[in-house]
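Take a look at the structure below.
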Amino acid sequence: MSFSNLGLSEKVLAAVAATGYTNPTPIQEQAIPHVLARKDVLGIAQTGTGKTAAFVLPMLTILEKGRARARMPRTLILEPTRELAAQVKENFDRYGAGQKLNVALLIGGVSFGDQDAKLMRGVDVLIATPGRLLDHTERGGLLLTGVELLVIDEADRMLDMGFIPDIERICKLVPFTRQTLFFTATMPPEIRRITEAFLHNPQKVEVSRPATTAVTVTQAQVPAGREAHEKRELLRRLLREAKDLKNAIIFCNRKREVAIVHKSLQKHGFSVGALHGDMDQPARMAALDQFRKGELPLLVASDVAARGLDIPEVSHVFNFDVPHHADDYVHRIGRTGRAGRTGTAISIVTPLDQKSMAAIEKLIGQSIPRAEGDYEVHAEVADGTERPREQRGRERSRGGRGKPQRGERRGHDRERSHEPREARQPSEARHRPEEKRGSEPRHGARPHANASHVPSIGRPEPRRQREVDTEPGDHSHLPAFLLRPVRSPAGA
DNA sequence: AAAAAAG
């Protein structure tokens, strides 16, 4: 199956070809002909299935004819989060480059006036989050009476976020005769009800069962004490020893925790960004952008990033906190192992999380291996030897100043060349209570810093190894690419 | 229990 026999216009096919895609995904193959036939569509699909292009491409074909009038958008797309809305806009920019199309993004956190000016000029595609959209309609700057096609994306998530009343209000402002495309990953009763209200004789398109996790994702759970500082310490170890780690999203349950973990990792020299809903919009966009471009290999995030965000090639997902809702787990780890790639999802599990973990395992229909203290047994030493775990365990237990064995350091020199500055300022650890004591891990052996995963983007020149670097709070085992290039002021 | 979105 190729894109060429789905009924898309020449322009759109050319744009698709230019991006290098040749074959449609199942959701695209099924949905596109219905959309072009101007049928209502009920799409049941997870993100990562190519869902966005399934409506963007036919919409571009439809929009080639006709022109927008001032304040009366021709099509409207509703998204639950600002990031998702921006992502859909990028799709229109990419595939619609050859068309003179006015695409407007109506999201909160950015200038109202600019948006209003854009609406005034007439837009073909309006992509919005509900709050800001209603704000514009209430102020009279926006009329939805000219909308020919309405897309409701991530409907089940809108439900979770309490947006359904807003969505219903918006739907009342859009002509009854419109075409509606409705996408959801799951079909809870409330969603079923609104599909009956919003859709007319919809064509049902369903791909990949909900509540499944990609087979290419390796999952593990690692036990931890309930203290937050223990979890942070464990996280750092997991980051260091992770195999083939290229980049990772670290999920926390609370915005506050996101900020704390972000700051903590920064202090320990990691190159890391943060993303949560209390950050201002430019900072949110910058963090996501840097992560996408690979400028920041690590991103600490709340569930704002759990669903739908299209970040290609996330190698690892860490659950710093186990999500309280099992379906959030599925969405979070769905950020990795996309498009058939492999991925790893590691959850830090405290005794308090046992019930949530059990619910997750029940939902996904498989048990998640417990790494226990054996986790690091799988870590390879770069020179091919493996030390006894007990020995590793002792490395830091004697006042935390154990000197690593020479042999094991060899082969890591290159990766260690970007040691965190903190390593040179051991005293800094002293005003951090969590770092005061020797950092003997609670559950098993001290892991070897496994650097075998480091891509070849480290410093090329060999560097002599340092003599001693294992002051408590010293975390110099970081692969170079995980390190911050710049250091924030000490004690900040 | 919390996050998200309008401030």
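Sequence lines set the chain letters: A, B, ... in the order given, protein chains first and strands last, and positions in each chain run from 1.
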Practice task
Mind calculating the distance between CD (Gln115(A)) and P (dA5(B)) to the nearest angstrom?
Solution key: 14 Å
Fill in the blank from the handout: Residues in residues 125-134 of chain A with a heavy atom under 4.0 Å of DNA chain B, by number, are Thr129(A), Gly131(A), Arg132(A)
Exercise for the section: Answer yes or no: does a side-chain N or O of Arg284(A) lie under 4.0 Å from OP1 or OP2 of dA3(B)? Expected result: no
Exercise for the section: Would you please confirm or rule out a distance under 4.0 Å between OP1 or OP2 of dA2(B) and any side-chain N or O of Arg256(A)? Expected result: no
Practice task
Output all residues satisfying side chain to side chain contact (heavy atoms under 4.5 Å, CB included) with Ala358(A), sequence neighbours left out; order by chain, then residue number.
Solution key: none
Practice task
Select base, sugar-phosphate, or nothing to describe what Arg82(A) touches, counting heavy atoms under 4.0 Å on all strands.
Solution key: sugar-phosphate
Problem - Length of the line joining Leu275(A):CG and dA3(B):C1', which is rounded to integer Å - result: 12 Å
Practice task
Sequence neighbours left out, what passes side chain to side chain contact (heavy atoms under 4.5 Å, CB included) with Glu361(A)? Give chain and number order.
Solution key: Gln221(A), Ser367(A), Ile368(A), Arg370(A)
Problem - Sidechain-backbone polar pair: Asp303(A) side chain, Asn253(A) backbone, donor-acceptor under 3.5 Å - result: no
Fill in the blank from the handout: Here the distance between atom P of dA2(B) and atom CZ of Arg157(A), to the nearest Å, is 18 Å
Problem - side chain to side chain contact (heavy atoms under 4.5 Å, CB included) against Ala155(A), all qualifying residues, sequence neighbours excluded - result: Ile152(A), Phe182(A), Thr184(A), Ile191(A)
Problem - Asn319(A) CG to dA2(B) C1', straight-line distance once rounded to whole Å - result: 14 Å
Practice task
For Asp135(A) and dA5(B), give me the distance from atom CG to atom C1', rounded to whole Å.
Solution key: 11 Å
Practice task
Return the nearest nucleotide to the side chain of Glu83(A); candidates are dA3(B), dA5(B), dG7(B).
Solution key: dA5(B)
Practice task
Starting at atom CD1 of Ile107(A), determine the distance to atom P of dA5(B), rounded to an integer number of angstrom.
Solution key: 9 Å
Practice task
Would you mind classifying the nucleic acid contact of Gly162(A) as base, sugar-phosphate or nothing, using non-hydrogen atoms under 4.0 angstrom?
Solution key: nothing
Practice task
Report which part of the nucleic acid Asp166(A) touches: base, sugar-phosphate, or nothing (heavy-atom distance under 4.0 Å, all strands).
Solution key: nothing
Fill in the blank from the handout: Heavy atoms of Arg121(A) and Asn102(A) approach each other most closely as O-ND2, 4.5 Å
Practice task
If a pair satisfies salt bridge (Lys or Arg N to Asp or Glu O under 4.0 Å) and one of its residues is in residues 88-100 of chain A, list it, with sequence neighbours excluded.
Solution key: Lys89(A)-Asp93(A)
Fill in the blank from the handout: When rounded to whole Å, the CG to C1' distance for the pair Asp303(A) and dA2(B) reads 8 Å
Practice task
Give the rounded distance in Å between these two atoms: NE2 of His276(A) and C1' of dA3(B).
Solution key: 11 Å
Exercise for the section: Report yes if at least one side-chain N or O of Thr81(A) is closer than 4.0 Å to OP1 or OP2 of dA5(B); otherwise report no. Expected result: no
Exercise for the section: Using the test side chain to side chain contact (heavy atoms under 4.5 Å, CB included), find all partners of Asp280(A) that sit at least two apart in sequence or belong to another chain. Expected result: Pro282(A), Ala283(A)
